[in-house]
Student: 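Pasting a structure here, questions to come.
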Amino acid sequence: MTALPLHAKRGVGRGEGPARLFTLLLATALAFFFGVPLCLLLWQANAPGLVWSEVWLAPESLQALAGTLITSIGAAAFAFTIAVPLALLIARTELPLRGPLKAIFTLPAALPPFILGMGWVSLANPRAGLLNLLLGAGTFDIYGKLGISFVLGTAGLPLVFLPTLAALSRLDSSLEEAARLSGASPLRTLLSISLPLALPAALSGTALCFLFAASAFGVPYLLGVTASPPTPTLTTRIYGEILMGQGGLPRAVVLSLELLVLAAFVLIGSRALAKRGEVRLSSGKGSSLRPMSLGRWRVPLASMSVVLAVVLVVLPLLAVALTSVQPVWGQLSGLSAKHWSGVLGNPRTIDATLRSLGLAAAAAGLVTALGLGIATTRRRSLELLSGAPYAIPGTVLALALLIAFSRDLRFVLFDRFALVLALGNSVWMLLVAYTIKHLAFGARNAADGLAQVDGTLAEAARLSGASPLRAFFDATLPQLRAPLVAAFLVTFLTCVTELTLSVLLIPTGRDVLGTLLFELQSYADPGSAAVIACAFVMLVLVLQFAQAVVARKRAH
Amino acid sequence: MADVQLIGVHKAYGATAVVKGISLRIESGEFISLLGPSGCGKTTTLRMIAGLETLDAGTISIGGELVDSEKGHVPPEKRALGMVFQSYAVWPHKSVAENVAYPLLLQRKPSSEIAQRVTQALEWVRLGAFAQRMPSQLSGGQLQRVAIARALVANPRVLLLDEPLSNLDAALREELRGEIAALRARLGTTMIFVTHDQHEALALSDRVAVMHQGVIEQIDSPQKIYQSPSTPFVAGFVGGANRLEGRVEGRSFICGAHTFELPERVTAVDGPATLAVRAEELELGSTGPSLPLLARLFLGSATEFRFTLGESVLRVVGPARDVKPGESVRVALQHARLYPR
Ligand SMILES: Nc1ncnc2c1ncn2[C@@H]1O[C@H](COP(=O)(O)OP(=O)(O)OP(=O)(O)O)[C@@H](O)[C@H]1O
Ligand SMILES: [Mg+2]
């Protein structure tokens, strides 16, 4: 035995008996709830009589594929165009209000895209939107391909903005200063030095934004299905086919495969780009960050950024708030609290809220615990596997789970005990789906946290006489509190209003907040939907504020 | 080639003054070093000359043209200077040739001229064979040579160097130091060289400006700086002199309980003074106060002895002697400088 692998063995200690069993258990659970359903999906696609090309080349399918491609490319292009200049300004220059601007442009990451979509429906519905009421009917129309691209592009903005910002923040200012002394103006410096160096990160983020848009269901449904002409996408088509029952299922399966292939290609491309960026950024020592002065462009650029922040993020949220106090949708006629009292007192809302809160808390707890478990095994393959469900479009994942668990599963142990797994058409199915889908949040946060933990602390505990497990709980775990809390919160917030999985997996006759929101907004009562959305946005803002305060306190 | 003139330059970050009224005239073609301990404001001064920082008071002119004053600021790209950074700052997304060509590209030179001048600049730094390499394929020393070629390719009026050698290991530092001296002899460019390494400053410069807490303590030729430091700080920083606080009485220097005899060539005026004496200017022998030995360090060519002198430590370098820590030895001054307080 050489001395080198010592570091690899920190943590709970892979290779020891109980640890190996633990790894095996996690792997089996992942295989059972994710691998098997995916295999069953592929198996279904090979059912006799099902010709893929026939389904893929049918006119409706081609139309849906075109819808997905156009809206996703549109969203990615929009996000890139807005996010990259903003990141350059915020990371590299003395733009005023950098902090607040960064917070506002990051906010869409914490909100369900559906809520932004609702805001834009309130603003730019051709007949009843607030903007059109003010400027004359038909000035803006948010329905159709352009509207979907715009809303998804805004919702996906942080996917481009944050990695670009991170890459730019790592740049040593002397790279830019060398360009200035070579005779380059500030603008030229940003374009020929800073931008190329952050481009791999920006493009990788743009690819993720494309993937996000192609997997989106709520927004294309809200803005595409009732558009004239209707704008189907692959996800809304798959949903429609599943609703048709047995007849539509095979087609849904084959279309899912199409979406899956698309996602795989984009993901591989994004990974490759991100990797290229890493190599390029490692240069020189003694790095330091000195923001560039903007001179007379300071105020105009700051104003433009603020206007953009207001229009893209603040305005739609305000519109949702306004809709929640508008007595009649589509008319500017005073304010009223009737939706609020109606919704808050409604047993259906209360029931859905409690169910969502319970499910989200349970899923977040499971994700955090399992994520920590996966990270402590220090097995790269398990970590990668746990990230896969998040990369798969929600509609496809839901369909796979639906196929795998629609019937009760019966395991017989020792000829005596029968274990019945009745997931189909129950709330448990949602819990499984939420947990599997967001496992990546837990695993990634825990792994990043573990990577930063000082391993000698646990070793000191071992030398003081603690068992490996005891050392982990006493020395390592307390240092992981921040990343684990972050994993819990982000999973919780995502699951509370989760829509894509819920819409397909919710048991008949029950609601969660996501499906309630979807139903109210799509069919009955935008005012009441706005109340729920508003309440959720407030919850997000309060939590983010609390997190910022805690982070600031810890920094001091 | 141009001269540089700073008059009464001040710079503060918030409430802390970093540069406190520096005046300095650098002749055309001169090689001057800014030497001083960490945090004394060398980089800040250099960056103000480069135009990367704006000054709070005073003026800076380059080649007779006013580039910085309270009234106006010429941006760095309009100053026609070259700069070499401690962190190399070689652009990782451009090849070596592209890095060096960049300043010429911005001057819209024809491509044939660019190619020829890039080749020439790379020859200067002996990197001719590396033109097509990417920076990630180069060593630290090679990266810094690329940075030097890039800074020189457009014939800058002044070349600014901010600790260009301090990220390199000792042998490379020696080698590149020689190359900078050779380049300077060949091109005659005005150069301002920031360093905290006295050997570098003394070896390369026509004149050395020693900085301390935002002011220039002394500016002189390397010989003058070394032989007659004008303040105790300069004596301590350049040449590493011991500094003793005490009082002159006749031909004696009284430091606490100990009395040193002053050598004849030292002129003395009665009263409180600081005495600066280099380690090699002290002698162990039969005269002078008897001091207890604290430690003995073998340096190779000589031995360093450390003595306890009141609250402080007195360093003496000389030939090896058989004394053990704890024993007392007599220590005498051979030479010293006195700074009345
Ligand atoms: N951007 C800044 N904001 C605030 N203080 C600064 C800034 N830049 C430098 N300082 C302070 O100004 C002082 C002088 O800095 P400067 O970089 O000029 O020192 P230096 O002589 O180059 O030191 P070193 O040898 O460590 O590079 C230091 O105390 C430093 O902390
Ligand atoms: Mg410095």
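Just so it is clear: chains get the letters A, B, ... in the order the sequence lines come, proteins before strands, and each one is counted from 1.
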Student: Is it true that A:Arg180 and A:Glu177 make a salt bridge, defined as a side-chain N closer than 4.0 Å to a carboxylate O?
Tutor: no

Student: Using heavy-atom distances under 4.5 Å, tell me whether A:Ser192 contacts chain B through its side chain, its backbone, both, or neither.
Tutor: both

Student: Between B:Leu81 and chain A, with a heavy-atom cut-off of 4.5 Å, which part of the residue counts as in contact: side chain, backbone, both or neither?
Tutor: both

Student: Measuring heavy-atom distances to chain A, does B:Lys78 have an atom under 4.5 Å in its side chain, in its backbone, in both, or in neither?
Tutor: neither

Student: For a quick check under 3.5 Å, do B:Ser166 and B:Gln86 share a side-chain donor-acceptor pair by atom type?
Tutor: yes

Student: Which region of B:Ala50, side chain (C-beta onward) or backbone (N, CA, C, O), has a non-hydrogen atom less than 4.5 Å from a non-hydrogen atom of chain A, or is it both or neither?
Tutor: both

Student: For chain A, find which of B:Thr54, B:Leu104, B:Val84, B:Leu52 contributes the most heavy-atom pairs closer than 4.5 angstrom.
Tutor: B:Leu52

Student: I want to check a possible cation-pi pair here: B:Lys11 against B:Tyr13, using under 6.0 Å from ring centre and within 45° of the ring axis as the test.
Tutor: yes

Student: B:Glu179: what forms a salt bridge (charged side-chain N to carboxylate O under 4.0 Å, His left out) with it, not counting sequence neighbours?
Tutor: B:Arg126, B:Arg145

Student: Measure up the B:Phe31 and B:Phe193 rings against each other and bin them: parallel (under 30°), tilted (30 to 60°), perpendicular (over 60°).
Tutor: tilted

Student: Heavy-atom pairs under 4.5 Å with chain A: which of B:Arg79, B:Met83, B:Lys94, B:Arg47 has the most?
Tutor: B:Arg47

